[in-house]
Number of protein chains: 4
Amino acid sequence: MAEKAQTAAKKSQSRAEREADRRRVILRAAVEVFSRKGYHGCRIQDVAKEAGVAYGLVYHYFKNKDELLESVFASGWQNFLARVSAEILADHHVAARVRGIVHVAFEAYRRDPRGVKVLILEVGRSPAGGAVNRGGAFSAVILAASEMFSEAQVRGEIPAHLHPTLCATMLFGTIEMGLTSFVMGLLDKRDDEAIERARDQVAETFLHGLTGARPTASVQPPPSTGRARSRPTS
Amino acid sequence: MAEKAQTAAKKSQSRAEREADRRRVILRAAVEVFSRKGYHGCRIQDVAKEAGVAYGLVYHYFKNKDELLESVFASGWQNFLARVSAEILADHHVAARVRGIVHVAFEAYRRDPRGVKVLILEVGRSPAGGAVNRGGAFSAVILAASEMFSEAQVRGEIPAHLHPTLCATMLFGTIEMGLTSFVMGLLDKRDDEAIERARDQVAETFLHGLTGARPTASVQPPPSTGRARSRPTS
Amino acid sequence: MAEKAQTAAKKSQSRAEREADRRRVILRAAVEVFSRKGYHGCRIQDVAKEAGVAYGLVYHYFKNKDELLESVFASGWQNFLARVSAEILADHHVAARVRGIVHVAFEAYRRDPRGVKVLILEVGRSPAGGAVNRGGAFSAVILAASEMFSEAQVRGEIPAHLHPTLCATMLFGTIEMGLTSFVMGLLDKRDDEAIERARDQVAETFLHGLTGARPTASVQPPPSTGRARSRPTS
Amino acid sequence: MAEKAQTAAKKSQSRAEREADRRRVILRAAVEVFSRKGYHGCRIQDVAKEAGVAYGLVYHYFKNKDELLESVFASGWQNFLARVSAEILADHHVAARVRGIVHVAFEAYRRDPRGVKVLILEVGRSPAGGAVNRGGAFSAVILAASEMFSEAQVRGEIPAHLHPTLCATMLFGTIEMGLTSFVMGLLDKRDDEAIERARDQVAETFLHGLTGARPTASVQPPPSTGRARSRPTS
DNA sequence: GATGAATGAGTGTTCATTCAT
DNA sequence: GATGAATGAACACTCATTCAT
């Protein structure tokens, strides 16, 4: 009887949780496979094999291939988006906020290079109007960052003649290409310290320019709190 | 007589030239279609229709779809590569050279936005090891730029602690995202002046940073010669 | 109850067996279609339609068209090969063995004229180095038969000046053309007795020559055992 | 003027003759290519390249690919057919006539192995009703030979119980497979003496059987005339 | 829910044939 | 006549999606 109860408990717990697990496993596999072969270069079969589940099961959890990619994107992006938004909305000098954003991006890469690769290579570049409506989400960050820069101009933190949107895209462009250096093997992706140094260089160069960039203490405090004070601004 | 001359002219371009034309027409059509629907989203049929030629003719000039994309890339990239290389190898202060590179990139965009779009969205981001071995060509520019920055460090033009390769990728990342702003409609792609302003902002921000960017005279001389003097450096 | 049993039976053959059935159905359809239109003259679609399955299913069971033909060949040939080999290796006078081989061939034809037709017309004659490596299997029989004749020479059963390999090819050539007479409609393929007479004539003519051929009792015992005794040799 | 006349003469001669030459060159190339890759395995392009003429020229001389094959067949077969018919119609003992037929076949092979290969592998085996209506021509020989054997039965030269048509097909089957031994590399195709020995064995075995075959003088007189007398008849 | 066989529309590619020069 | 670019129908093969078990 106890056994039965336990089994029941186990199963009742499973019902909801085990399914969520399955879903996560498949999503994870999709990230792996997408990052290896690209969205168009892989078949559902590959994802299923990678996840260790049956072919058709993928369709139990995801309506179709596009939705799978969108889910990959959503699950990866949401997290990133939330963190970046937090940095953007923080009430710091724009330099600190830029540093925070860069920090978040590189931290995401350190934790999940594959996932970042897919976000960068697959989702980030699908042709406009493509299946994955990433434009919206991506634009959202850009817009938020634009407003941040706009606000910074009002505060007199950055020159008024700069186009805020362009500042925003440039920021993410610099970050992205910095990460792409690792993704494409131009820099050693397993060297944590190199990642940190790259992060600092990206932030400082973006802020002070190639000619005015200054070295920073290589180890930064975690991006959560009190950063603004601990990092000297401009 | 004029008629005869014309006929002669027409015939003189007959064989070889007209074929080269056809090839160019198809290549051009491929750029159009790729830029609209992406490489995977379009069929050879679409390219043929766009070019106004028969289905099979595409295969007369290109071995297969992959080679078509590669040719699109090659024909677009070569030009760009040559111009960028010229800037990189110019014997100017690094700031002037950076401005030159940015100039070339935006000029390319102004002349052929579609082509740049394809280069950026399709070729530039195909998964490593993909059919289009763009890695080589792309890496080549990065390396050349890296050396430029390395040299600039020796000359004391930029700080020694910066990683030259990272500088290079950041530069192209900034440029690319600056262009992507237009490609994705974040900025108005038909406003030539906006393009020029964006160009200047990209260059100046990259050189002097967000905080130190200064306005520039909006009209720049062509990137070929005498730029170093006419543009105040750092 | 009977119903239940039937259902059970149906289910007991479920997984593996039903798939093997499908495979066999497709293979059979391929034989039909190949025999009607030839390998090059038929499309996968035809095979699918003949088999009553969906287009893509053919590719579920066979890697491609070539493999399909090869499978047709293998499945048809293996059986025949085994039977012929048994005759070749039997410890009888060479005349008995020759009769056995002829018997096997004609029997195969009687059972499955279509299959034999495909073997003869399609597989047997594909250009050397073709997709279907039938050469190996075919050569194997020839070689085995050659050795049989060689051995017969040692035993003094046939003249020493004959080239054993040539004897072997001649034997199969005679058989094949004998069958081809039916395949091509020179003789009536539905007349079982005609088939038997032809079989005997082939064997006797091969053994004793055109000039020395003698009539044989038209009905032969099955080729398995005791033949050597029941049939007078040379 | 003389020059002109000569040129004219040259050209007037050419007009008809040079075209016939071209035609022959293409036909010859077709034989080559068919023998190498088979009818279905080669493209018109291959034939043109082999012949050293332009792509489209093939279509000036032959209506289409099928007609090309048919012409190959016709040009090769006609010759053979005529010679075989001559042998069949000769007023000799059937044994002499059989020897003559075998002789003709092997002679054809010695002169043009490639051509024979094509006749055997391609034309001889296309599915009934195929593009190449070889059936008619082939059947014609078979029928003629059948009548020969029929007549021989009336004369008492061979047993009455044999089916004349089957005798005919067997004869050609034996010959064909004998030649196939060379075509497929089972015997050395460059050894002229081996070819002669094979020829004799084929004839003698067919006539007197495996058990009754007797050696023959290896060198035979040319197959044209007076053979009947010079070759001892059974 | 889990499985993988079954389906069939879609598409790259080939190649016989035509035609303008 | 000679050339080879142009045409487009035909077909093998893929793979997302469905469905019976």
Side-chain angles (χ1 to χ4, degrees), chain A residues 11 14-15 18-19 22 40-49 53-68, chain B residues 10-11 14-16 18-19 21-23 26 40-48 51-68, chain C residues 7 10-11 14-16 18-19 22-23 26 40-48 51-68, chain D residues 11 14-15 18-19 22 40-49 53-68:
Chain A
K11 281 199 172 169
S14 298
R15 224 14 87 75
R18 207 160 36 162
E19 278 183 34
R22 286 279 214 197
H40 289 285
C42 78
R43 296 155 296 174
I44 292 292
Q45 168 101 238
D46 297 326
V47 174
K49 208 168 279 177
V53 302
Y55 197 76
L57 197 59
V58 176
Y59 283 87
H60 262 291
Y61 291 101
F62 302 92
K63 195 185 155 199
N64 55 32
K65 201 183 171 186
D66 275 358
E67 204 198 85
L68 184 55
Chain B
K10 207 176 188 177
K11 282 201 171 166
S14 260
R15 272 302 105 69
R18 208 151 40 144
E19 279 177 39
D21 271 358
R22 284 281 215 197
R23 199 189 150 89
I26 295 173
H40 290 285
C42 79
R43 296 156 295 168
I44 292 292
Q45 172 90 242
D46 298 328
V47 175
V53 301
Y55 196 93
L57 198 60
V58 176
Y59 284 89
H60 208 72
Y61 289 100
F62 302 92
K63 200 184 152 198
N64 54 32
K65 201 181 172 187
D66 275 0
E67 205 200 83
L68 184 55
Chain C
T7 306
K10 207 178 191 175
K11 282 203 173 167
S14 262
R15 267 308 103 71
R18 206 155 38 150
E19 279 177 40
R22 284 281 215 197
R23 200 189 149 89
I26 294 172
H40 289 284
C42 79
R43 296 156 295 167
I44 292 293
Q45 173 88 242
D46 299 328
V47 175
V53 301
Y55 192 93
L57 199 61
V58 176
Y59 285 89
H60 209 73
Y61 289 101
F62 302 92
K63 197 183 154 200
N64 53 33
K65 203 180 170 187
D66 275 359
E67 205 199 83
L68 184 55
Chain D
K11 280 198 174 168
S14 297
R15 227 8 89 77
R18 208 162 33 165
E19 280 182 35
R22 286 278 214 199
H40 288 285
C42 79
R43 298 155 295 173
I44 292 291
Q45 169 100 238
D46 298 327
V47 175
K49 206 167 280 176
V53 303
Y55 198 75
L57 197 60
V58 176
Y59 283 87
H60 261 294
Y61 290 100
F62 302 92
K63 196 186 156 197
N64 54 33
K65 201 182 172 187
D66 276 358
E67 203 199 85
L68 184 55

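So you know, we letter chains A, B, ... as the sequences are listed, proteins then strands, and number each from 1.
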- Query: Whole-Å distance between E:dC19 C1' and D:Y59 OH?
  - Reply: 13 Å
- Message: Looking at C:Y61, I'd like to know whether one of its side-chain N or O atoms comes within less than 4.0 Å of OP1 or OP2 on E:dA6.
- Response: yes
- Note on the structure: Any strand, both distances under 3.5 Å, Watson-Crick or G-U wobble: F:dA16 pairs with E:dT7
- Message: Between D:D46 and D:R43 (salt bridge meaning N to carboxylate O under 4.0 Å), is one present in this structure?
- Response: yes
- Query: Can you check the A:I44 CD1 to E:dT7 P distance for me, whole Å?
  - Reply: 20 Å
- Query: Taking for each residue the nucleotide of DNA chain F bearing the nearest heavy atom, is the 5' side occupied by A:G56 or by A:G41?
  - Reply: A:G41
- Query: Any side-chain N or O of D:H60 under 4.0 Å from OP1/OP2 of F:dA2?
  - Reply: no
- Can you measure from SG (C:C42) to NZ (C:K65) and round to the nearest 0.5 angstrom? 5.0 Å
- Query: To the side chain of D:A54, which of E:dT13, E:dA5, F:dT3 is closest?
  - Reply: F:dT3
- Interatomic distance, A:L68 CG vs F:dT17 C1' [rounded to whole Å]: 14 Å
- Query: Over how many whole Å does the gap from A:H40 atom NE2 to E:dG12 atom C1' extend?
  - Reply: 16 Å
- If you look at every heavy atom in B:Y61 and B:R22, which pair is closest and at what distance? OH-CB, 3.6 Å
- Shortest non-hydrogen contact between C:Y55 and C:I44, atoms and distance: OH-CB, 3.9 Å
- Donor-acceptor pair under 3.5 Å, C:Y55 side chain vs F:dA12 base: yes
- Nearest-Å distance for atom pair NZ/P, residues C:K65 and F:dA10: 15 Å
- Message: For a quick test of reading the model: is some side-chain N or O of D:R18 closer than 4.0 Å to OP1 or OP2 of F:dG1?
- Response: no
- Item | 5′-ward residue of the pair B:N64/C:R22 relative to DNA chain E | C:R22
- Message: I need the CD-C1' distance between A:Q45 and F:dC15, as an integer number of Å.
- Response: 10 Å
- Take the protein atom CG of C:L57 and the nucleotide atom C1' of E:dA5, then report the distance between them rounded to whole Å. 7 Å
- Query: So, for C:A51 and C:I26, which heavy atoms are closest and what is the spacing to 0.1 Å?
  - Reply: CB-CA, 4.0 Å
- Item | Residue-phosphate contact under 4.0 Å: C:R43 side-chain N/O, F:dC13 OP1/OP2 | no
- From NZ of D:K49 across to C1' of F:dG4 the rounded distance in Å is 12 Å
- Counterpart base for E:dT21, defined by Watson-Crick or G-U wobble contacts under 3.5 Å: F:dA2
